[in-house]
Structures are given as structure tokens and as C-alpha cells.
Amino acid sequence: MSDNFVLKADLRSRVGKGSSRELRRNGQIPAVIYGDKQEPLAIAVPYKEIYYKIYGGGFKTTIATIEVDGKKIQVLPKDYQLDPVRDFPLHVDFLRVSAKSVVTVNVPVHFKNEEAAPGIKRGGVLNVVRHEVELIVAANAIPDALEVDLTGLEIGDTVHFSAIKLPKDASPVIQDRDFTIATIAAPAGLKSDENAEGAEEEATKEGE
């Protein structure tokens with residue numbers, strides 16, 4: 001799990017497009033804290049800090065402490081809105097959490113030891129089916145990433161979710177099947193050769 005970070009925020013007395021534009025002109029963006037059976041709290045957070053956290057990676061899997069109105073609130077970033085043209089942050093949603101909170105979160109999948117996969121050495125292609133996996137996990141135990149070890153994999157092999165080691169008490173949202181994470185696919189040239197061989201066999205059979 002990534003180290004927690006602290007954000008200093010201001011309460012928002014006004015909401016709406018005009019207020020939001022004013023905040024952005026002043027180097028802040030609107031945000032809201034919700035959950036834990038409490039009323040949503042409208043706040044404003046520093047634009048630069050949010051920008052670098054989002055594009056630095058791990059933003060939505062890292063617990064944050066928001067200091068606002070003399071209080072410290074533990075939160076998990078749940079969603080954010082980006083400008084559709086320039087990709088800068090427009091709004092952030094934070095979920096209140098505690099030491100006992102269990103959350104649903106998308107965790108990225110990282111692959112290691114590609115150099116130890118014979119199938120990739122032979123020209124096979126790592127075909128990633130899921131770049132993220134949705135987990136149910138304790139808020140204080142969210143992993144930075146789930147690791148998949150590619151050691152020994154050959155062309156045609158499939159990596160299923162069951163091959164991934166999870167944090168204690170974590171579980172996938174999808175529980176009715178052992179879903180595919182990735183495959184080692186044959187290179188395009190090999191596929192073409194196999195297709196050609198198959199066509200030749202069919203033609204030979206027809207000739208006979």
C-alpha cells in the first residue's frame with residue numbers, strides 16, 4: 001500500500017459552475033467527502049497536489065488525510081473528473097474510511113519476469129485481458145498492485161486470477177469464475193504459418 005498523504009482543504013460555502021470556475025482560477029478544485037452515514041461535505045482542494053497525485057499513479061488506492069475546518073478526515077479517493085480536452089482535474093470524490101472500513105477498489109495488475117517466460121522469448125505476445133481487478137479489501141490494506149509472475153509460461157498459456165496472491169481477507173468482486181488475467185499469444189508470423197499449414201492439409205484431404 002502506498003504511503004498515506006495529507007491534503008489541506010477549505011470548506012465550500014457555495015456550489016455550482018460559477019463557484020467551481022472561481023476556485024479553479026484561484027488554484028483549487030471542488031471536491032466532496034461522502035459516506036460513513038454522514039452528510040456530504042463540500043470542500044476545495046489544491047489543484048497542483050491533486051494533479052500530481054492523479055498522474056503520479058496509485059491515487060485511487062491510497063488513503064489520504066484531509067485537514068479541513070480543524071478536523072482530520074481519513075478518506076479514499078473514489079473518482080475524479082477530468083477536462084475532456086486538456087485532461088486537467090475538475091472535481092474529486094472522496095469516501096470517508098476508518099480502520100474498520102472495507103472498500104471496493106480497482107487495483108492495477110503488474111507483470112514481472114517477462115524475460116523468464118520461454119513463450120515470450122520465442123516471440124510470443126503478452127495479451128493483457130485485465131489491467132485492473134476490482135477487489136473487496138480492508139481500506140488500510142489496499143495493495144499498490146497485484147503481481148503476476150510470468151516465469152515459465154509458454155505460447156498458449158493462460159494466467160487466471162487464482163495465480164495471484166491477495167492480501168489477507170481480500171477477495172475479488174467477481175467470484176463465480178476463475179477469470180483470465182492474461183495470455184501468451186502466438187506471434188502474427190507463427191499464426192500465419194499455422195493457418196497456411198492448416199489450409200494445405202485441407203487441400204490435401206480434398207484432393208485425396
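In this text the structure is predicted, and so the values were computed from the model without any measurement.
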For the backbone of Ala64 and the side chain of Asn4, can you confirm whether one donor and one acceptor N or O come within less than 3.5 Å of each other?
no
Interatomic distance, CZ@Arg177 vs OG@Ser162, rounded to 0.5 Å, equals 13.0 Å
Just wondering, do Ile120 and Ile184 contact through their side chains at under 4.5 Å, heavy atoms?
yes
Taking all heavy atoms of Pro143 and all of Leu135, pick out the closest pair and write down the distance.
CG-CD1, 4.3 Å
Ile50 vs Ile29 side-chain heavy atoms within contact, under 4.5 Å:
yes
Please report the shortest heavy-atom distance between Ser98 and Ser101, naming the atom on each side.
N-OG, 2.6 Å
So which heavy atom on Val148 is nearest to which on Val159, and how close?
CG1-CG1, 3.6 Å
Using the rule given for side chain to side chain contact (heavy atoms under 4.5 Å, CB included), can you reason through Glu134 versus Val105, listing the C-alpha separation, both sets of side-chain angles and the distance that settles it, and then say yes or no?
CA-CA 5 Å; Glu134 194 172 19; Val105 61; over 6 Å; no
Between Arg96 and Glu39, what is the shortest heavy-atom contact and its length?
NH2-O, 3.2 Å
Could you see if Phe161 belongs to whatever hydrophobic cluster contains Val129? Use Ile, Leu, Val, Met, Phe, Trp, Tyr and a side-chain cutoff under 4.5 Å.
no
side-chain contact (heavy atoms from CB on, under 4.5 Å) with Phe111: of Asp149, Val128, Leu146, only one passes, and it is Val128
Measuring from atom OG1 of Thr62 to atom CD1 of Ile142, what distance do you get when rounded to the nearest 0.5 angstrom?
8.0 Å
If I compare all heavy atoms of Pro187 with all of Gly123, which pair ends up nearest, and what's the gap?
CB-O, 3.2 Å
Are any of the side-chain heavy atoms of His91 and Tyr80 separated by less than 4.5 Å?
no
Contact check, side chains of Ile54 and Pro89, non-hydrogen atoms, under 4.5 Å:
yes
Leu41 side chain near Asp69 side chain, heavy-atom distance below 4.5 Å
no
Side-chain heavy atoms of Lys60 within contact of Lys78, under 4.5 Å
no
Counting only heavy atoms from other residues, nucleotides and ligands, does the tally under 6.0 Å from OH of Tyr52 exceed 12?
no
May I ask you to test the Asp87-Tyr55 pair for a side-chain heavy-atom distance under 4.5 Å?
yes
Quick check: is Ile181 connected to Val125 through a chain of hydrophobic side chains (ILVMFWY, heavy atoms under 4.5 Å apart)?
no
Taking atom types as modelled, is there a side-chain donor on Asn26 or Gln28 under 3.5 Å from an acceptor on the other?
no
Same cluster (ILVMFWY, side-chain, under 4.5 Å), Val102 and Val75
no
Asp157 and Gly152 have their tightest heavy-atom pair at OD2-O, 4.3 Å
At what distance, to the nearest 0.5 angstrom, does CD of Glu114 lie from CG of Leu126?
5.5 Å
Might you work through the side chain to side chain contact (heavy atoms under 4.5 Å, CB included) test for Glu154 and Arg122, ending with a clear yes or no?
CA-CA 9 Å; Glu154 297 280 0; Arg122 290 174 51 214; 3.7 Å; yes
Cation-pi, Phe5 ring and Lys53 (6.0 angstrom, 45 degrees):
yes
With a 4.0 Å cut-off, would you call Lys121 and Glu115 a salt bridge?
no
Between the CG atom in Leu150 and the CG atom in Asn113, the distance rounded to the nearest 0.5 Å is 7.0 Å
Under the 3.5 angstrom rule, does the side chain of Asn106 hit a backbone N or O of Glu132 as a donor-acceptor pair?
no
Report yes or no: do Leu11 and Ile66 belong to one cluster of Ile/Leu/Val/Met/Phe/Trp/Tyr joined by side chain heavy-atom distances under 4.5 Å?
yes
If only atom types and distance count, is the side chain of Arg24 paired as donor or acceptor with the main-chain N or O of Leu90 below 3.5 Å?
yes
4.5 Å side-chain heavy-atom contact, Phe179 and Pro172
yes
List the residues meeting side-chain contact (heavy atoms from CB on, under 4.5 Å) with His110, not counting sequence neighbours, and say none if there are none.
Pro108, Ala145
The reported gap from CZ in Arg25 to OH in Tyr47 (rounded to nearest 0.5 angstrom) is 15.5 Å
Polar side-chain atom of Arg12 near backbone of Ala31 as donor-acceptor pair, under 3.5 Å:
yes
Please walk me through it: do Leu7 and Glu67 pass side chain to side chain contact (heavy atoms under 4.5 Å, CB included)?
CA-CA 6 Å; Leu7 282 175; Glu67 297 181 354; over 6 Å; no
Same cluster (ILVMFWY, side-chain, under 4.5 Å), Phe59 and Leu82:
yes
In Å and rounded to the nearest 0.5 Å, what is the CG to CD1 distance from Leu76 to Ile33?
12.0 Å
Please answer whether the main-chain N or O of Val85 pairs with a side-chain N or O of Asp83 as donor and acceptor at a distance below 3.5 Å.
yes
Working for side chain to side chain contact (heavy atoms under 4.5 Å, CB included), residues Val32 and Ile43:
CA-CA 6 Å; Val32 63; Ile43 60 173; over 6 Å; no
